[in-house]
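First up is the structure itself, then whatever we jot down about it.
Keep in mind that this is a model prediction, so the values were computed, not measured. Index from 1, following the sequence.
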Amino acid sequence: MSRILGENLPNIPWQEKPSDFKGPIWRYAENPVIGRNPVEGVARIFNSAVVPYEDGYVGVFRGETINGRPHIYFGKSKDGIHWDFDKEKIPFYDEDGKPYQPLYAYDPRLVKVEDYYYIIWCGDFGGAAIGMAKTKDFKNFTRLENPFLPFNRNGVLFPRKVNGKYMLLSRPSDSGHTPFGDVFLSQSPDMKYWGEHRIVMQKGGSGWWQSVKIGCGPAPIEIDEGWLIFYHGVTGTCNGFVYSMSAAILDRDCPSKVLYRAGSLMLTPEEWYEERGFVPNVVFPCAALTDAATGRIAIYYGAADTYVGLAFTTVDETVKFIKEHNELVGLDGTEGRL
Ligand code: BMA
């Protein structure tokens with residue numbers, strides 16, 4: 001039995017695995033949980049992140065506005081399934097109190113570290129780069145310094161310091177629809193200055209589903225064996241990229257070292273809302289809720305750059321799958337410092 005080291009979440013959204021379903025991750029039967037035109041002025045919400053908050057849930061959502069640009073919207077929910085969104089974009093303020101609204105912002109992640117909730121997104125910094133903000137109350141949002149130079153995407157914070165340092169995963173990229181990409185780790189004493197960079201995971205392996213690029217999704221989940229991460233892997237076809245998801249376990253004290261990694265995918269576009277939309281054939285995980293008492297995991301993923309889907313697994317099913325399909329690639333098993 002594998003164990004989640006974290007809090008209990010008795011009201012985690014949940015459905016049992018259908019008896020005839022064979023895979024390690026199963027979809028919520030009522031998917032998608034967020035459909036088209038969810039808010040006035042917003043055509044699509046996808047690639048979004050949620051956390052438990054007070055007696056329910058809150059989230060930061062990638063809202064593709066009707067002029068085609070993405071921005072971040074705040075939403076809340078009692079059950080993690082039915083969501084109410086603010087009509088206005090999240091109003092950010094710089095640390096000196098000046099209002100700040102990103103030119104565009106997409107693929108937000110949301111991670112509680114100590115007393116703050118951190119929002120990490122991809123925005124413009126003379127090209128695609130990682131933006132960051134923090135909030136305590138989801139009313140006041142303080143924009144922080146950009147952690148990295150462009151070009152970079154898929155910033156994901158660890159939920160606690162490791163060896164006295166904050167840890168941020170990212171995926172250096174180019175300014176377009178990047179045809180390459182590995183996951184790196186950067187460390188910081190203060191959430192401002194990031195360094196001691198390491199290579200964590202590289203694309204490739206004997207399978208083809210993650211042959212073009214990979215990128216992290218939900219915040220790492222602490223389990224008895226280390227850090228469980230779900231991530232997306234991309235393959236190329238004559239009709240463009242296909243995004244699937246799988247998982248790996250990183251070393252608890254040296255998270256740039258991969259202990260186990262699934263060489264096969266755990267979820268891939270199969271349902272109409274994953275195969276049909278603005279960008280067909282995309283499942284893109286950005287958040288996971290966990291319940292330590294039962295080992296349940298609820299994953300929120302973007303579907304076809306159009307919808308939000310919800311899927312379920314358990315820590316046991318996932319760890320078993322990773323180990324049965326274990327395959328490290330390149331520098332995965334090392335500390336990642338050349
Ligand atoms: C990536 C990101 C994601 C998107 C995916 C598929 O490069 O831009 O936001 O879901 O492409 O279009």
Residue that, paired with S48, satisfies side-chain contact (heavy atoms from CB on, under 4.5 Å) out of F61, Y301, Y106: F61
Derivation and outcome, side chain to side chain contact (heavy atoms under 4.5 Å, CB included), residues W227 and E222: CA-CA 5 Å; W227 296 99; E222 192 164 9; 3.6 Å; yes
Over 12 non-hydrogen atoms of neighbours within 6.0 angstrom of CZ in F148: yes
Neighbour count above 12 (heavy atom, 6.0 Å) for K192 NZ: no
[X]: partners by salt bridge (charged side-chain N to carboxylate O under 4.0 Å, His left out), with sequence neighbours left out:
{"X": "D94", "answer": "R143"}
{"X": "D55", "answer": "K78"}
{"X": "K136", "answer": "none"}
{"X": "K165", "answer": "E196"}

Qualifying residues under ring-ring contact (aromatic ring centres under 6.0 Å, His included), relative to F46, sequence neighbours excluded: none
Any donor-acceptor pair under 3.5 Å linking the side-chain atoms of [Y] with those of [X]?
{"X": "T314", "Y": "D316", "result": "no"}
{"X": "R153", "Y": "T178", "result": "yes"}
{"X": "N11", "Y": "Y57", "result": "yes"}
{"X": "Q210", "Y": "S246", "result": "no"}
{"X": "T135", "Y": "D137", "result": "yes"}

Distance (rounded to the nearest 0.5 Å) between N154 CG and L169 CG: 10.0 Å
Flag side-chain contact, heavy atom, 4.5 Å: V51 against F138: yes
All side chain to side chain contact (heavy atoms under 4.5 Å, CB included) counterparts of P150, not counting sequence neighbours: F125, A129
Minimum heavy-atom distance A219-V156, with the two atoms named: CA-CG1, 3.6 Å
Closest approach of E270 to E274 (non-hydrogen atoms, all atoms of both residues): N-OE1, 2.9 Å
Salt-bridge contact [X]-[Y] (side-chain N to carboxylate O under 4.0 Å):
{"X": "E54", "Y": "K76", "answer": "no"}
{"X": "E16", "Y": "R296", "answer": "yes"}
{"X": "D332", "Y": "R261", "answer": "yes"}

H197 vs F184, ring-ring contact (aromatic ring centres under 6.0 Å, His included): CA-CA, chis, key distance, verdict: CA-CA 7 Å; H197 311 290; F184 287 69; 8.4 Å; no
